[in-house]
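Each remark here refers to the structure printed beneath this line.
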Amino acid sequence: MNTVQDWPEPIIRVQSLSESGLPIIPERYIKPAPDRPSFIDPEDCDANIPIIDLTGLSGDEACNLPATTLDLISLACREWGFFQVVNHGVSPVLMDQARETWRSFFHLPMEIKQAYANSPKTYEGYGSRLGIEKGAILDWSDYYFLHYLPLTLKDYKKWPASPDSCREVIDEYGKEVVKLCGRIMKVLSMNLGLREDHLQNEFGGENFGACLRVNFYPKCPQPDLALGLSSHSDPGGLTLLLPDHEVPGLQVRKDGKWITVKPAKHAFIVNIGDQIQVLSNANYKSVEHRVIVNSAMERVSLAFFYNPKSDIPIKPVEELVSADNPALYSPMTFDEYRLFIRLRGPKGKSQVESRKSPR
């Protein structure tokens, strides 16, 4: 799919820069003034993305959630594009184990991590940049990206062998999060007035994709000049983020302002990706978000992406299109969309906006 074989410049690990004790960050990481973060203590701000209790959402039967909960999810998808879920059925012990296992990986000696260094061809492995634009301003983060589904892409050899039990923990965590994503997809379908399996079928039924990006945001001596992850909307279907509940960092754009999310303990942060915005004909919104960094504390988060089968053209669902609500987007496969984004790197909402059908 992607003809790009390697990065345009030598890769520098941000963690190594941070641990070197440098007092100022290299120019490569300094964002233009309009993109720099504004720091408001989340505790001083009343706004937060909705927190929704999923008690009753379990098993493979039709959703047993109260109507009030369904309404809260519907409103969150339409107004925010983001919400947190509690009582979601994934073990808190497994959540903590997954996060701390990955934290341990990032603190391994560099030569062990370097064995998993990635390339733009698949992005799978240990990385430190997105996009292949030479001379681009970079984000203050390292990451690890791996495929979980389909099974044809799942390759344990590309998963870290250290620390001990890392692969087993990733596998178990992936299994539980896939189940939760499937349940949430049913709710999203029902709230659009569709059959509960409709969105899943648009994703390819059982042949959907899933991948994990683990983000490591080292301490940054000048957090007011840098970002851990530039503003973007997620290109895939549905994202479940396991945040670092000790260190806030995620900011969501709402009514032109950046709101720093206050993570609830053992909650997942759910957000709508571009593919569901397209399928829903923009009834649901994929929303711009970014990550700020911290001078005193590192931060680890796990973003699990639940995506359509990569070669199915994604376009607005026919039942949501009418003379009064014409299809807003032209068909495009997820493979085509991903390549488009990989060449450009994070660019706010410009990617999905560029997919709009000509009028």
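Using a 4.0 Å cut-off between charged side-chain N and carboxylate O, R103 and D244 make a salt bridge. Of the charged side-chain nitrogens involved, at least one lies within less than 4.0 Å of a carboxylate oxygen, so that D197 and R195 count as a salt-bridged pair. For the pair E9 and R28, the salt-bridge criterion is met [side-chain N within less than 4.0 Å of a carboxylate O]. Under a 4.0 Å N-O distance rule, the pair K154/D171 qualifies as a salt bridge. Salt-bridge formation is not detected for the pair E246/R299: no Lys NZ or Arg NE/NH1/NH2 atom is positioned less than 4.0 Å from an Asp or Glu carboxylate oxygen.
Side chain of N118 to main chain of Y123: a donor-acceptor pair is present (N/O by atom type, distance under 3.5 Å, no hydrogens or angles). With S165 contributing its side chain and E168 its backbone, the two residues share no donor-acceptor pair below 3.5 Å.
Atom CD of E319 has more than 12 neighbouring heavy atoms from other residues, nucleotides or ligands inside a 6.0 Å radius. For E318, the CD atom is loosely surrounded, since the number of other residues' heavy atoms within 6.0 Å does not exceed 12.
No hydrogens or angles considered: nothing links the side chains of D6 and S119 as a donor-acceptor pair under 3.5 Å. When only modelled atom types and interatomic distance are considered, N281 and N325 share no side-chain donor-acceptor pair under 3.5 Å. Judged by distance alone, the side chains of D53 and H88 never bring a donor and an acceptor atom under 3.5 Å apart.
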* Asked: Could you walk me through whether S141 and V14 pass the side chain to side chain contact (heavy atoms under 4.5 Å, CB included) check?
  -> CA-CA 6 Å; S141 60; V14 178; 5.8 Å; no

* To do: Applying side chain to side chain donor-acceptor pair (under 3.5 Å), run through S230 and D139 and close with a yes or a no.
  => CA-CA 7 Å; S230 297; D139 291 334; 2.6 Å; yes

* To do: List the steps and the verdict of side chain to side chain donor-acceptor pair (under 3.5 Å) for Q84 and K262.
  => CA-CA 10 Å; Q84 296 190 67; K262 293 174 268 201; over 6 Å; no

* Asked: Could you walk me through whether Y217 and N294 pass the side chain to side chain donor-acceptor pair (under 3.5 Å) check?
  -> CA-CA 8 Å; Y217 304 104; N294 194 295; over 6 Å; no

* Take S231 and E288, measure what side chain to side chain donor-acceptor pair (under 3.5 Å) needs, and give me the verdict at the end. => CA-CA 6 Å; S231 170; E288 259 186 283; 2.4 Å; yes

* Would you please test Y284 and L192 for side chain to side chain contact (heavy atoms under 4.5 Å, CB included) and show each step? => CA-CA 9 Å; Y284 293 163; L192 286 168; 3.5 Å; yes

What donor-acceptor contacts under 3.5 angstrom involve side-chain atoms of residues 65-75, with partners at least two apart or in another chain?
from	atom 1	to	atom 2	distance (Å)
S74	OG	R78	NE	3.0

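Taking the ring centroids of H147 and F145, they lie under the 6.0 Å cut-off.
For S310, the side-chain contact (heavy atoms from CB on, under 4.5 Å) partners at least two apart in sequence or on another chain are D335, R338. In this structure P26 satisfies the side-chain contact (heavy atoms from CB on, under 4.5 Å) test together with L17, L22, Y29, W140, sequence neighbours excluded.
The cationic group of K285 does not satisfy the cation-pi geometry with W80, failing either the under 6.0 Å distance to the six-membered ring centre or the 45° limit from the ring axis.
The hydrophobic cluster containing Y143 does not contain L153, counting ILVMFWY residues as joined when their side-chain heavy atoms lie under 4.5 angstrom apart, directly or transitively.
In this structure, F106 and W102 have tilted ring planes: the angle between them lies in the 30° to 60° band.
Shown are V177, L149, L238; of these, the side-chain contact (heavy atoms from CB on, under 4.5 Å) with Y306 is made only by L238.
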